[in-house]
Every structure is written in structure tokens, then in C-alpha cells.
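Here the structure comes first, spelled out in C-alpha cells, and everything after it is commentary.
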Amino acid sequence: MSGYAKSKYVVDEARAVQQPKESDITGNIIIFTLVGLCILLSLFIIIGFFVIAKPLEASLTSVAVRSLKYNDTSSSSSSSSPYFNATLAMEIRIENPNFGFFEFPTSKGDILYNGRVIGEMKIDGQRVGAYSAIKIEVGTKVSYKEDQAPSVWFKNDVKRGLVILQVGAKLRGEVHLEVLNKRSVNLKCLMYLNLVDEVIQRLWCK
């Protein structure tokens with residue numbers, strides 16, 4: 001073998017040793033792609049945790065009944081029309097699970113009996129800090145009466161001394177994060193008003 005052929009053989013052999021295999025290149029590409037996707041996923045999770053606002057929660061924690069009056073038509077001394085009215089002292093809890101604070105203006109809510117509004121409540125605007133909750137005291141008066149041909153269901157409710165009231169309110173505000181997120185929190189609760197004992201017998205919120 002000549003010197004030129006020998007040196008060419010040595011060079012080709014070195015190149016063959018140093019040149020990576022095609023399978024190794026493909027494997028490295030896959031690894032780098034997976035690492036990049038993991039990094040992107042982590043960034044999205046971090047951004048979502050700190051920037052994207054999460055749903056807020058509102059609930060009634062307590063309701064006190066004051067100045068309750070009602071008329072049971074089953075009594076011989078009663079007038080012809082059943083009715084009830086009372087003053088309710090409520091405590092509303094608003095929870096903010098976000099990194100930024102939630103701020104809402106003064107809002108209104110309704111108290112309903114059998115789908116009819118029998119009272120309104122005013123909820124003063126507040127600021128709820130990040131990862132915290134506040135309680136708001138709200139007072140309202142409720143009153144219901146059927147003057148002409150009272151319905152059977154209303155007579156029965158007053159007779160048994162138990163009426164079911166629905167509480168509803170929507171607090172529209174903003175969660176202040178790195179970007180501004182408009183959010184609202186809904187208050188939807190049901191409560192059993194015991195006319196005889198003048199207490200809220202049951203209370204639960206969605």
C-alpha cells in the first residue's frame with residue numbers, strides 16, 4: 001500500500017470514529033424537545049398560578065332573625081290574609097384564592113320567596129386581599145303578603161311556620177394581578193325561616 005493510500009485510509013477511519021451515528025442525533029433531538037416542552041409547561045403553570053384569576057367564592061355564614069311578625073290564617077283571631085315580615089342580619093363571607101387582591105364596588109342582592117323578590121340588600125364595596133377572606137355584615141327587611149285569594153302553598157307555609165327563602169347577589173369586580181382580570185362572584189343560598197321559633201332553621205349555599 002502506498003503512503004498516500006495509507007494516509008487516506010487513516011483519515012477516513014478517524015472521520016468514521018468521530019462522526020456521530022444518525023440514531024444518536026435523533027435521540028438527542030427527542031431529549032432536547034422533551035426538555036423544552038417541560039420548560040414551557042412549567043412556565044405556563046407559573047403564569048397561570050400568578051396571572052390568571054381563579055374563581056372566587058361567596059357564602060352566608062350566619063343569619064339572625066329580628067322583629068318577626070306573621071299571620072296564620074288557621075287562627076280564629078287572624079285576619080283573612082296571611083303574611084310575614086322580618087328583619088334579617090346576615091354575614092357574608094367572600095374568599096379570594098388569587099395572588100392579587102379582588103376589589104368590587106357597592107352591589108345589590110335580592111331575597112326571594114317562591115321566585116318573587118320580597119327584600120333587597122346592599123353590599124358595600126370592599127377589597128379582599130390575596131389568598132384571604134373577609135366577612136361583611138348586611139341587614140335587610142323582608143315582607144310578603146297576598147291580599148287577594150292567597151295561594152294554597154303560601155297558606156300552608158305560614159300554617160306550618162316554615163318558609164324557604166332564596167338569597168342571590170352578583171359581585172362584579174377585578175382581580176389585580178400582573179394583568180387585570182375582570183371577575184364576578186355569585187352568592188346563591190337557601191334558608192329555612194322558622195316563623196314560630198324566629199330563627200333560620202337551615203342554611204346552605206351553592
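Only this structure's heavy atoms are used, side chains among them; waters, hydrogens and symmetry mates stay out.
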Verify, without hydrogens or angle tests, whether Asn71 (side chain) and Ser81 (backbone) share a donor-acceptor contact under 3.5 angstrom.
yes

How far does CG of Leu88 sit from CZ of Arg66, to the nearest 0.5 angstrom?
9.5 Å

Counting C-beta onward and ignoring hydrogens, is there a side-chain heavy-atom pair between Arg160 and Asp157 closer than 4.5 Å?
yes

Is a side-chain N or O of Ser184 found less than 3.5 angstrom from the main chain of Lys170, in a donor-acceptor match?
no

Contact check, side chains of Ile136 and Ile123, non-hydrogen atoms, under 4.5 Å:
yes

Is any side-chain heavy atom of Phe104 less than 4.5 Å from a side-chain heavy atom of Ile94?
yes

Within the 3.5 Å criterion, strictly below it, is a donor on Tyr144 or Asn114 matched to an acceptor on the partner's side chain?
no

The test is side-chain contact (heavy atoms from CB on, under 4.5 Å); show your working for Phe102 and Val185 and say whether it passes.
CA-CA 10 Å; Phe102 172 65; Val185 54; 4.2 Å; yes

Between Glu146 (side chain only) and Ser151 (backbone N and O only), is there a donor and an acceptor less than 3.5 Å apart?
yes

Yes or no on side-chain contact (heavy atoms from CB on, under 4.5 Å) for Lys141 and Asn85, after CA distance, side-chain angles and deciding distance?
CA-CA 7 Å; Lys141 293 182 179 180; Asn85 57 66; over 6 Å; no

Leu193 and Ile200, any side-chain heavy atoms less than 4.5 Å apart
yes

Side-chain donor/acceptor of Thr140 to backbone N/O of Glu120, under 3.5 Å:
yes

How far does SG of Cys189 sit from CE of Met90, to the nearest 0.5 angstrom?
9.5 Å

Could you check if a side-chain atom of Gln126 sits within less than 4.5 angstrom of a side-chain atom of Ile92, using non-hydrogen atoms only?
no

Could you tell me if the side chain of Val175 sits less than 4.5 Å from the side chain of Phe99, heavy atoms only?
no

Any side-chain heavy-atom pair of Glu174 and Glu103 under 4.5 Å
no

Indicate the ring-plane relationship of Phe154 and Phe84, choosing parallel, tilted or perpendicular according to the 30° and 60° boundaries.
tilted

To the nearest 0.5 angstrom, please state how far the CG atom of Leu112 sits from the CG atom of Leu165.
9.0 Å

Under 3.5 Å: donor-acceptor pair, side chain of Asn96, backbone of Asn98
yes

Side-chain donor/acceptor of Ser62 to backbone N/O of Leu60, under 3.5 Å
no

Over all atoms of both residues, closest heavy-atom pair of Lys122 and Thr106:
CE-CG2, 3.6 Å

Drop me the distance from Glu137's CD to Glu91's CD, to the nearest 0.5 angstrom.
5.0 Å

In this structure, NZ of Lys206 is separated from OG of Ser59 (nearest 0.5 Å) by 14.5 Å

I want to check something: taking the side chain as every heavy atom from C-beta on, are Ile111 and Met121 in contact at a cut-off of under 4.5 Å?
yes

Rounding to 0.5 Å, atoms CZ (Arg172) and CG (Asn186) come to a distance of 8.0 Å

